[in-house]
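Counting starts at 1 for both ligands and their atoms, in listed order.
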Amino acid sequence: MQDAIIELKGVSKFFDDACALADINLSIKNGEFLTLLGPSGCGKTTILRILSGFEKPSSGEVRIAGICMNGVPPEKRKVNTVFQNYALFPHMTVAQNVGFGLKMQGLPKDEISRRVAEVLRIVHLESFASRRPAQLSGGQQQRVAIARAVVNNPLVLLLDEPFSALDFKLRKEMQLEIKHLQRKLGITFVFVTHDQEEAFAMSDRVVVMDQGHIAQIGTPEQIYEEPENLFVARFVGEINILEAQICEVRESGQYGAIIDGALFPLRSRHTFAQGDKVMVLLRPEDLKIGAPDETDGPCLAGVIEESVYKGATVDIFIRLAGGQRLMAAEFFNEDDAEINYNPGEKVSVAWVDGWEVVLPDDPGHTDARHGRD
Ligand code: ATP
């Protein structure tokens with residue numbers, strides 16, 4: 001991967017008085033698979049529309065391949081979009097759909113045939129060239145839409161929730177196919193989804209968005225393991241939030257803190273002072289449940305409330321002595337009697353030292369806490 005192929009510098013977008021994007025700064029590398037992830041209305045599609053030229057930024061600048069795009073119309077940008085609804089022409093064959101743009105450009109027939117055949121081979125649809133869209137499955141129609149977009153050799157392919165019409169299994173298959181296709185083509189893909197698993201499965205980097213702002217940019221691992229704020233931590237997967245108070249400032253980045261009456265060592269990239277209130281974030285799969293007397297390190301005392309069988313995993317809900325409720329997730333193993341916890345059973349809860357994420361206290365953090373408390 002080389003230099004930035006797309007740069008957004010201080011891009012804002014207002015619809016009347018409503019701010020859809022606020023000072024977005026983003027650099028997308030050439031050949032990168034980048035996903036814009038966030039809840040409905042956070043501004044993902046608006047970014048795509050600004051990149052494709054269908055929408056103008058209210059302020060700021062977009063550069064593609066180093067060239068400022070202000071005032072450049074969509075057809076003059078080396079960017080193509082694959083839409084949610086595919087937008088295929090129903091009366092045309094697959095080959096005609098894919099070759100339509102090339103025909104409009106007035107390219108010679110044999111060049112069109114060659115390029116169409118080449119992309120149909122890449123998306124494994126060479127034997128479907130003479131079918132019409134209605135004679136194809138949803139996944140095949142999706143591949144035609146992608147073939148039609150890549151046949152123009154764009155520098156960047158924009159994909160706006162392209163799998164939303166597909167069922168769960170096909171969606172998973174298409175995720176892998178698109179990821180492999182992107183690697184094969186070497187084109188930069190900017191993908192939009194509100195589905196965290198989809199974003200993680202496909203992307204080199206993920207941009208998590210919240211109400212027109214970038215909440216975090218990082219690899220899937222960074223986003224999941226090291227969320228920079230509560231919004232990201234909550235949006236990507238389940239998270240437990242423990243309230244804690246710093247009681248000891250040790251060497252750089254290391255603290256002693258009281259959680260539910262017990263002293264724990266904590267690490268953080270943030271700087272805290274003695275007495276500061278903090279939030280300790282832990283993923284359910286990082287919690288270790290043990291017998292109450294299994295105390296080879298600091299642990300919390302709790303009581304099992306319920307366990308919920310999920311197939312591959314079991315979700316275990318624990319009420320701590322201080323009243324807070326935690327969720328732990330363990331792999332289900334029929335032979336392992338240890339994870340068959342019964343309601344009312346006393347347990348200890350611990351985690352691997354350093355796996356916690358510690359953030360400054362956010363007094364509003366209980367407001368939307370999974371609705372479980
Ligand atoms: P979704 O996942 O639902 O598609 P999104 O993250 O793509 O959402 P956008 O479509 O970018 O969100 O919309 C961002 C905000 O801008 C929303 O509040 C939306 O209502 C508003 N918005 C988008 N387009 C327009 C428009 N043409 N006129 C007025 N407001 C708009």
Side-chain angles (χ1 to χ4, degrees), residues 6-28 32-62 64 69-74 77 79-87 138 141-142 145-146 149 156-168 170-172 174-175 178 188-203 205-218 220 223 227-237 368:
I6 293 180
E7 285 164 284
L8 289 99
K9 292 182 178 172
V11 168
S12 296
K13 178 69 189 174
F14 289 86
F15 292 105
D16 298 323
D17 285 344
C19 179
L21 294 176
D23 193 23
I24 298 291
N25 290 290
L26 176 62
S27 180
I28 305 176
E32 184 171 34
F33 196 126
L34 181 119
T35 296
L36 304 173
L37 171 71
S40 183
C42 69
K44 309 179 291 293
T45 300
T46 304
I47 290 191
L48 283 202
R49 288 177 60 76
I50 286 176
L51 292 178
S52 59
F54 291 114
E55 205 74 73
K56 287 195 179 101
S58 308
S59 58
E61 185 186 67
V62 172
I64 297 179
M69 289 290 120
N70 289 11
V72 177
R77 300 184 180 203
V79 167
N80 270 349
T81 306
V82 177
F83 296 100
Q84 279 177 4
N85 56 5
Y86 319 145
Q141 289 182 36
Q142 179 57 259
I146 290 166
V156 180
L157 197 66
L158 308 175
L159 301 104
D160 192 357
E161 304 246 10
F163 308 143
S164 53
L166 306 180
D167 67 39
F168 179 75
L170 191 53
R171 211 179 159 116
K172 296 257 168 203
M174 287 300 294
Q175 288 169 9
I178 297 287
T188 308
F189 276 31
V190 183
F191 189 94
V192 159
T193 184
H194 58 265
D195 181 332
Q196 165 234 321
E197 273 188 43
E198 187 159 286
F200 285 5
M202 305 177 76
S203 319
R205 282 192 307 158
V206 175
V207 178
V208 185
M209 295 191 57
D210 175 22
Q211 297 182 46
H213 296 264
I214 292 179
Q216 188 169 350
I217 305 176
I223 299 282
E228 284 173 7
N229 50 60
L230 210 48
F231 176 82
V232 173
R234 280 195 172 131
F235 192 73
V236 298

Colleague: Passes side chain to side chain contact (heavy atoms under 4.5 Å, CB included), Glu161 versus His194? Steps please.
Modeller: CA-CA 8 Å; Glu161 304 246 10; His194 58 265; 2.9 Å; yes
Colleague: Is any heavy atom of the protein nearer than 4.0 Å to atom 8 (O) of ligand 1?
Modeller: yes
Colleague: Report the nearest protein non-hydrogen atom to atom 28 (N) of ligand 1: residue, atom name, distance rounded to 0.1 Å.
Modeller: Phe15 CD2, 3.4 Å
Colleague: Let me see the working for Leu51 and Val62 under side chain to side chain contact (heavy atoms under 4.5 Å, CB included), right down to the final yes or no.
Modeller: CA-CA 7 Å; Leu51 292 178; Val62 172; 3.9 Å; yes
Colleague: Which residue holds the protein heavy atom closest to atom 3 (O) of ligand 1, what is that atom called, and what is the gap in Å?
Modeller: Ser40 OG, 2.6 Å
Colleague: What part of Pro39, side chain, backbone, both or neither, has a heavy atom within less than 4.0 angstrom of ligand 1?
Modeller: backbone
Colleague: Tell me, which protein residue and heavy-atom name are nearest atom 2 (O) of ligand 1, and how many Å apart are they?
Modeller: Lys44 NZ, 2.9 Å
Colleague: Kindly indicate whether the side chain of Pro74, heavy atoms from C-beta on, has any atom under 4.5 Å from the side chain of Ser52.
Modeller: no
Colleague: Can you check whether Phe163 reaches Thr193 side chain to side chain, under 4.5 Å on heavy atoms?
Modeller: no
Colleague: Can you list the steps and then say if Glu55 with Phe15 is a side chain to side chain contact (heavy atoms under 4.5 Å, CB included)?
Modeller: CA-CA 11 Å; Glu55 205 74 73; Phe15 292 105; 3.9 Å; yes
Colleague: For Glu55 and ligand 1, does the shortest N/O to N/O distance drop below 3.5 Å?
Modeller: no
Colleague: Under the side chain to side chain contact (heavy atoms under 4.5 Å, CB included) criterion, do Val79 and Met69 qualify, and how do the steps go?
Modeller: CA-CA 11 Å; Val79 167; Met69 289 290 120; over 6 Å; no
Colleague: If you draw a 6.0 Å radius around CD in Gln211, do more than 12 non-hydrogen atoms from other residues or ligands fall strictly inside?
Modeller: no
Colleague: Give the residue, atom name and distance (to 0.1 Å) of the protein heavy atom nearest atom 10 (O) of ligand 1.
Modeller: Thr45 CB, 3.6 Å
Colleague: Polar-atom distance check: His194 versus ligand 1, any N or O pair below 3.5 Å?
Modeller: no
Colleague: Atom CD1 of Ile178 and atom CD1 of Ile146: how far apart are they, to the nearest 0.5 Å?
Modeller: 3.0 Å
Colleague: How far is atom 16 (O) of ligand 1 from its nearest protein heavy atom, and which residue and atom name does that atom have?
Modeller: Ala20 CB, 3.4 Å
Colleague: Do me a favour and list the nearest non-hydrogen protein atom to atom 11 (O) of ligand 1 with residue, atom name and distance?
Modeller: Thr46 OG1, 2.5 Å
Colleague: Protein heavy-atom contact under 4.0 Å for atom 26 (C) of ligand 1?
Modeller: yes
Colleague: Got the closest protein heavy atom to atom 5 (P) of ligand 1, with its distance?
Modeller: Gly41 N, 3.5 Å
